[in-house]
Structures are given as structure tokens and as C-alpha cells.
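Basis for what follows: all heavy atoms, side chains included, without hydrogens, waters or symmetry-related copies. Note that the coordinates shown come from a computational prediction; the quantities given were computed from them, not determined experimentally.
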Amino acid sequence: MRFTETAEEDIAFSVSPLLETVHSWHVLTDPGHHSLHVPWVRRCRRLPAALRRRMREERFVVSDYIPAFFESRAGDHDAGFADQTAAVRALPPALLAAELAETLVDTTRHSGHDLVQDPVARDAALAELQRADDGRAARLSRVLTDPCSVLEDALTALEDYWSAAFAEEWERVEPSLYESIARAGSRIAHQGLFVMLRTLVPRIRIDPAGRTLRLDRPHHHDIAATHDRPVTFTASHYVWPHVRVTCDAPWPLRITYPALPLTPASAARPTSQEDTLTALRALAAAPRLQIMAHLAARSRSTQELATLLGLSPSVTSRHLHQLTRAGLTTTRREGYYVLYSLDPARLDQIATALTTLDPGPDA
């Protein structure tokens with residue numbers, strides 16, 4: 001995704017109760033992959049048994065590919081859950097069929113739009129699914145012949161899930177999502193778009209010099225975000241650990257990103273002057289500033305950073321230890337390697353502390 005020199009004018013932010021409900025349903029389809037959301041998984045064990053059964057039956061709609069039609073009116077801050085589901089129901093059946101088909105087939109081999117328009121492609125996809133003998137062939141056949149009834153079954157389950165549980169959860173989550181948007185806007189205003197983009201997740205790679213954002217996907221596109229085709233960043237708690245991108249016509253360009261952390265108000269605390277001084281001392285050395293710059297692009301190991309800095313691994317490790325002790329970096333293990341990443345929340349704390357310093361009574 002490429003951005004112009006006036007990129008700040010070509011982006012927007014939004015939240016969506018419908019999308020957030022869908023992403024929370026996705027969490028329930030594979031709880032083990034969403035450790036951050038275990039509390040929600042446990043709470044949903046108390047849902048009525050009949051509703052849980054229907055959600056299992058219809059989970060194909062959200063278990064992997066999330067149909068873009070769930071983004072209907074996602075950029076409209078005045079649209080509630082009912083408004084957005086009504087907008088989905090009003091879409092043309094062929095568009096619904098194409099998106100629903102994408103949930104059932106290998107999207108690297110078949111396009112939902114091709115299955116709707118091309119009988120040869122449709123027959124090939126059905127034959128593949130019939131060999132799998134897991135019920136998807138019959139479901140795909142129904143999607144292609146009667147998409148509205150398939151959609152209605154899924155939306156009815158979704159609406160009952162909203163009424164039984166997620167409407168209350170949305171009341172809790174929505175304020176934090178708007179706070180995330182406000183933080184992103186402040187960062188863009190003070191530091192520029194690419195500083196904000198770096199905070200999304202480590203899997204997003206940023207090249208400020210080339211003015212590009214890159215995500216590794218089997219779906220290859222080279223897209224320019226322009227005034228005529230702006231990109232909307234939709235903040236979500238329940239999309240984590242994914243980043244979802246919508247880039248195919250006729251849908252608007254959208255990136256749904258994890259807005260983290262979602263911290264209870266009681267757990268939040270202001271950064272003390274001593275905390276701020278600790279962070280500034282950690283940054284007060286050229287090698288550590290260089291490390292921060294390299295980690296802004298992506299997560300890296302000690303060995304990789306040592307090579308980039310021209311230092312020994314032991315010296316680099318000492319610099320990393322000081323940054324981590326100040327809370328500026330975090331670590332995670334991948335195989336034999338420990339990877340270091342920036343901590344966006346900590347950086348936000350430091351930035352806020354610097355802009356709200358108390359000059360004291362003699363100022």
C-alpha cells in the first residue's frame with residue numbers, strides 16, 4: 001500500500017459494532033488461537049445451549065475469511081448494529097454469494113466472484129469440495145443458488161448473539177476503541193503517518209523512505225491510497241492477533257487492526273517523572289537510538305541487530321537489556337531466537353508524560 005506526500009488527507013478511522021461482533025464470534029470458533037480473549041470465551045460458556053449450537057452451525061461465515069459485506073456502513077459513526085445489519089441485507093444477492101463462497105473455498109485457487117459468474121470454475125470448486133466430503137460442497141451449492149437464505153441464517157444467529165451477550169460487551173469496548181483512534185490521530189498530527197503505522201503490529205512492515213506499508217499475504221496487490229480511494233483504519237479489540245485487509249472492488253479500502261492494549265481503568269496509572277527519566281536515560285546513547293530505529297521497522301534478534309549496528313552481540317545485548325529494563329522494548333521467542341519489539345503503549349506513556357510535565361511552583 002503506497003501513500004502520497006499528503007497521505008494524512010487520504011486516511012480515515014472508524015469503529016464498527018457489527019464488525020466487532022463478527023470478530024468476537026471468530027474468536028469463539030478457535031479459542032486456543034486468541035489467548036488475549038480467554039475471558040470472553042469463558043463468559044460465552046453461559047450462552048443458551050440452543051444459541052451456541054446455532055453459532056457452531058453457522059461459524060463457517062466467520063471462522064477464516066470474514067466476508068467484506070460485514071463492513072457495510074462500517075465508516076458511518078452514526079450507524080448502530082441494527083443499521084449495519086440492515087445494510088448487509090440490502091446488498092445484491094450476487095455480491096452476497098461471492099463473499100459467502102470465499103468462506104468455503106481455497107481463495108488462493110478460486111475467487112468467489114468467479115464462482116458466481118463462471119460455471120466451469122464453479123463446477124471445479126464443487127468437485128474439489130465433494131472429494132473432501134465435509135459438507136462444504138452442499139453448502140457452497142446453496143450459497144450459489146440461494147445466498148439470501150444462507151445469509152439470513154447467519155445474520156439471525158449473529159443478532160441473537162448480539163442481544164444475548166455482545167451488546168453489553170460493546171458498551172465496554174467502544175470507549176477504548178475511540179481512545180485508540182484519538183491516540184493514533186495525535187501521533188499522526190505530531191509525528192506523521194508512518195510513526196502511527198509502525199505501532200499497528202509487528203507483522204506490518206513499514207518503509208518510510210518508500211512511503212509504503214506491506215503485509216505478507218498470499219493475496220498480492222499493489223495499492224495506492226489516494227484522495228479518490230482513501231483507506232480507512234478500523235480499530236478493533238477482537239481482531240487480534242490478525243490484521244484484516246479489504247482491497248478488492250467494490251468494497252472500500254480498509255485495514256482492520258488490533259487496538260491494544262485494552263486495559264481496565266483501574267489498572268491504568270500515570271507515568272511518574274522517575275519512569276520518564278529512566279526511559280530518557282535508556283535512550284541517551286546513539287546505539288540505543290539506532291536499535292529503536294531498527295525495531296520501528298520490525299522485530300529483530302540480538303544477532304541481527306549486532307550486524308546492523310556493527311557491534312558485538314554481547315555489547316548489543318547490554319544495550320537491549322537497558323531498553324527492556326526501561327520498558328521500551330518487549331521480547332518473544334521464535335524457535336531458537338529471542339525477538340525484540342518496540343512497546344507502543346510504553347512509548348505512548350512517555351510521549352504523554354513529556355507533554356504534560358508539571359513545571360513546578362517556580363515556573
Side-chain angles (χ1 to χ4, degrees), residues 1-3 5 7 35-36 183-184 186-217 240-243 257-261 263 269-357:
M1 186 175 295
R2 303 179 185 278
F3 295 89
E5 294 293 334
S35 57
L36 182 66
R183 288 197 302 270
S186 176
R187 188 178 287 113
I188 291 171
H190 291 94
Q191 300 171 290
L193 174 66
F194 283 88
V195 173
M196 183 282 292
L197 293 177
R198 287 190 186 112
T199 69
L200 298 187
V201 286
R203 74 183 65 192
I204 290 182
R205 291 185 283 149
I206 306 298
D207 177 9
R211 301 193 65 78
T212 60
L213 174 154
R214 185 179 300 275
L215 294 96
D216 292 325
R217 293 287 190 275
W240 184 89
H242 309 295
V243 173
Y257 69 96
L260 301 173
T263 306
R269 64 175 182 88
T271 302
S272 69
Q273 286 196 5
E274 187 57 39
D275 287 338
T276 304
L277 284 171
T278 298
L280 294 179
R281 291 189 190 105
L283 293 171
R288 292 194 287 276
L289 284 176
Q290 289 177 306
I291 288 173
M292 297 291 285
H294 288 304
L295 294 182
R298 62 181 176 84
S299 302
R300 300 179 190 272
S301 67
T302 302
Q303 291 78 3
E304 184 181 3
L305 287 166
T307 301
L308 292 168
L309 296 171
L311 300 173
S312 70
S314 61
V315 171
T316 303
S317 180
R318 287 199 294 272
H319 285 304
L320 285 166
H321 175 71
Q322 191 160 347
L323 291 170
T324 302
R325 188 173 57 186
L328 297 168
T329 57
T330 60
T331 62
R332 73 177 190 275
R333 180 171 291 280
E334 286 193 3
Y336 293 105
Y337 296 100
V338 173
L339 298 184
Y340 288 82
S341 307
L342 297 186
D343 186 339
R346 175 64 168 155
L347 295 175
D348 275 349
Q349 286 181 339
I350 300 304
T352 300
L354 290 173
T355 58
T356 57
L357 282 174

Correct closest heavy-atom pair for Leu311 and Pro287 would be CD1-CB, 4.2 Å

What distance do Thr276 atom OG1 and Arg281 atom CZ have between them, rounded to the nearest 0.5 Å?
10.5 Å

Going by the side chain to side chain contact (heavy atoms under 4.5 Å, CB included) test, name the single residue among Leu342, Leu283, Asp343, Thr278 that passes it with Leu328.
Leu283

Applying the side chain to side chain contact (heavy atoms under 4.5 Å, CB included) criterion to Leu320, which one of Thr331, Thr302, Val338 satisfies it?
Thr302

In chain order, what residues pass the salt bridge (charged side-chain N to carboxylate O under 4.0 Å, His left out) check against Arg2, with sequence neighbours excluded?
Asp222

My understanding is that only residues two or more places apart in sequence, or in another chain, count here; which of them pass salt bridge (charged side-chain N to carboxylate O under 4.0 Å, His left out) with Arg318?
none

Whether the side chain of Arg346 engages the backbone of Ala326 through a donor-acceptor N/O pair (distance < 3.5 Å, no angle test) should be reported.
yes

Who pairs with Ser314 by side-chain hydrogen bond (donor to acceptor under 3.5 Å, both in side chains), at least two apart in sequence or on another chain?
Ser312

Of all residues at least two apart in sequence or in a different chain, which pass the salt bridge (charged side-chain N to carboxylate O under 4.0 Å, His left out) check with Arg300?
Glu304

What's the separation between atom OG in Ser301 and atom OH in Tyr340, rounded to the nearest 0.5 Å?
9.5 Å

What pair of heavy atoms forms the shortest contact from Ala279 to Ile350, and how long is it?
CB-CD1, 3.6 Å

Can you give each donor-acceptor pair under 3.5 Å made by side-chain atoms of residues 288-297, sequence neighbours left out, with the distance rounded to 0.1 Å?
residue: Arg288; atom: NE; partner: Ala282; partner atom: O; Å: 2.4
residue: Arg288; atom: NH1; partner: His319; partner atom: ND1; Å: 3.0
residue: Arg288; atom: NH1; partner: Gln322; partner atom: OE1; Å: 3.4

Taken in chain and number order and not counting sequence neighbours, the residues that satisfy side-chain hydrogen bond (donor to acceptor under 3.5 Å, both in side chains) with Thr324 are Thr329

